[in-house]
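The model shown is predicted, which means the values in this text are computed figures rather than measured ones. Just so we're on the same page: letters track the sequence lines, and every chain starts at 1. Heavy-atom basis, side chains included; hydrogens, waters and symmetry copies ignored.
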There are 2 protein chains.
Amino acid sequence: MPADPLDRSAAAPGPERAETGAEQETACQPDRFNRARAAQAATILEDYAEMIGDLIAEFGEARVTDIAHRMGVTHPTATKAVARLRREGLAISRPYRGIFLTDEGEALAGRVRARHRTVVDLLVAVGVPAETAEMDAEGMEHHVSRTTLRAFEDYLRQIDAPPGTESSSQD
Amino acid sequence: MPADPLDRSAAAPGPERAETGAEQETACQPDRFNRARAAQAATILEDYAEMIGDLIAEFGEARVTDIAHRMGVTHPTATKAVARLRREGLAISRPYRGIFLTDEGEALAGRVRARHRTVVDLLVAVGVPAETAEMDAEGMEHHVSRTTLRAFEDYLRQIDAPPGTESSSQD
DNA sequence: ACATAAGTGTAGCCACGGCTTCATTTCGGC
DNA sequence: GCCGAAATGAAGCCGTGGCTACACTTATGT
């Protein structure tokens with residue numbers, strides 16, 4: 001490393017940092033990160049909603065303990081998450097009773113589940129081992145926009161079609 | 001909705017919930033979420049490290065204000081992030097001076113940048129518009145495991161090769 | 001019917017990652 | 001050389017999402 005890299009006087013080529021033009025060039029950058037942050041914030045709600053949907057499908061209701069167990073958290077954490085779901089109008093519950101999803105919550109859970117499947121399928125389609133695909137999709141899915149999701153679906157549909165059906169060239 | 005969906009007495013088909021077999025079937029579930037959480041925790045460090053690397057490449061140093069501006073956060077937030085980077089041994093800095101990356105930090109930034117490019121390339125390859133790919137990759141990349149990354153690279157290499165070159169397993 | 005176990009709720013702690021506000025330092029012009 | 005502006009640092013607030021510890025309710029078994 002340089003002798004004194006921390007001395008600004010010799011570091012920056014220009015103090016004004018090319019503010020003309022470079023500013024709007026990097027104007028989209030914060031937006032990207034803000035979108036990523038927003039997606040991350042929605043992640044937990046989406047995961048819990050989907051999980052509750054799964055449990056209801058399996059057992060007819062979702063219990064805090066089961067949610068906590070499957071999410072790998074303690075039960076107070078699950079309780080807090082459920083409280084947030086309630087606040088957002090995604091779930092309903094009564095003290096010491098099971099947790100259920102509102103229509104909105106169910107719709108969300110359905111969308112999340114479908115998206116998850118699509119992401120896993122795409123990963124597998126491009127050569128990711130099934131197990132790894134499941135793992136990675138869990139985190140990735142929350143950042144997949146509608147546009148990207150549709151692109152995935154199109155791609156999967158395309159490669160799903162028999163190769164000889166519509167290939168322009170004989171190959 | 002049912003008359004009284006919150007009444008457990010009529011809800012669960014069986015209280016014991018098929019603990020035989022189902023337990024180990026869902027044993028991997030918490031792990032999935034834990035991995036996703038861990039990835040999310042590393043997200044900020046990775047993003048800041050890459051950003052600092054970019055700024056150093058551009059200006060010879062990274063300043064808190066610039067980092068904050070590009071990340072779309074206020075400067076105290078950037079300062080805190082830098083503090084964490086320092087704690088993790090990824091960056092060095094002196095009060096009122098620029099921020100620089102350690103060798104480890106630089107290595108991390110390089111890996112992150114390469115991974116980002118690969119993810120964007122793959123998204124584009126399967127039909128995602130370039131701009132959307134940039135957006136979505138920002139969040140997705142942090143959840144791409146080594147295995148998946150290599151699968152992406154293989155896939156890109158494969159489709160990069162001229163379609164007629166090895167179509168019939170000639171070479 | 002009651003005791004105990006299991007499930008649930010509540011309170012309070014911590015770290016993180018945003019934020020605002022204010023103090024301090026450095027930089028730059030006069 | 002000094003003074004103001006810009007940059008940085010430090011303190012403190014808030015919401016989130018983990019956790020532990022403890023209280024309470026429900027369920028279960030004898």
B:Arg97 CZ - C:dT26 C1' separation (whole Å): 7 Å
What integer distance in Å separates B:Tyr96:OH from D:dT8:C1'? 5 Å
Examine D:dC19: is either OP1 or OP2 under 4.0 Å from a nitrogen or oxygen in the side chain of A:Thr74? Give yes or no. yes
In a table with atom names and distances, give each donor-acceptor pair under 3.5 Å that connects a side chain of residues 120-132 of chain A to protein atoms at least two apart or in another chain.
none

Taken to the nearest whole Å, CZ/A:Arg63 to C1'/C:dA6 is 9 Å
Protein-nucleotide distance (A:Arg86, atom CZ; C:dT8, atom C1'), rounded to Å: 13 Å
Would you tabulate the pairs of protein nitrogen or oxygen atoms and nucleotide nitrogen or oxygen atoms of nucleotides 3-6 of chain D closer than 3.5 angstrom?
none

Heavy-atom contacts, protein to nucleotides 11-17 of chain D, under 4.0 Å, summarised as B (base), S (sugar-phosphate only) or - (none) per nt, yield BB---SB
What residues form a side chain to side chain contact (heavy atoms under 4.5 Å, CB included) with A:Arg157, not counting sequence neighbours? A:Glu153, A:Asp154
Between A:Asp66 and A:Glu58, is the side chain to side chain contact (heavy atoms under 4.5 Å, CB included) condition met? List the steps. CA-CA 11 Å; A:Asp66 294 335; A:Glu58 278 186 62; over 6 Å; no
Donor-acceptor pair, distance only, cut-off 3.5 Å: does the side chain of B:Arg86 make one with the backbone of B:Ser93? yes
Specify the separation, in whole Å, of atom CD1 of A:Ile99 and atom C1' of C:dG7. 11 Å
Using side-chain hydrogen bond (donor to acceptor under 3.5 Å, both in side chains) as the criterion, list what pairs up with A:His116, not counting sequence neighbours. A:Glu134, A:Glu141
What about A:His75, does its side chain sit under 3.5 Å from the base of C:dG7 through a donor-acceptor pair? no
Pairs involving residues 39-51 of chain B, ordered by first then second residue, that meet salt bridge (charged side-chain N to carboxylate O under 4.0 Å, His left out) (sequence neighbours left out): B:Glu46-B:Arg115
Without decimals, in angstroms, what is the distance between A:Ile67 CD1 and D:dG18 P? 13 Å
Contacts of type side-chain hydrogen bond (donor to acceptor under 3.5 Å, both in side chains), residue A:Arg84, not counting sequence neighbours: none
Can you sort out the partners of B:His143 under ring-ring contact (aromatic ring centres under 6.0 Å, His included), two or more places apart, ordered by chain and number? A:His143
The answer to which of A:Pro95 and A:Ala78 contacts DNA chain D further toward the 5' end, by nearest nucleotide, is A:Ala78
For B:Ser145, which residues count as a side-chain hydrogen bond (donor to acceptor under 3.5 Å, both in side chains) partner, sequence neighbours excluded? A:Asp136, B:Thr148
Checking C:dC27, C:dG7, C:dG9 against the side chain of A:Val64 (C-beta onward), the nearest is C:dG9
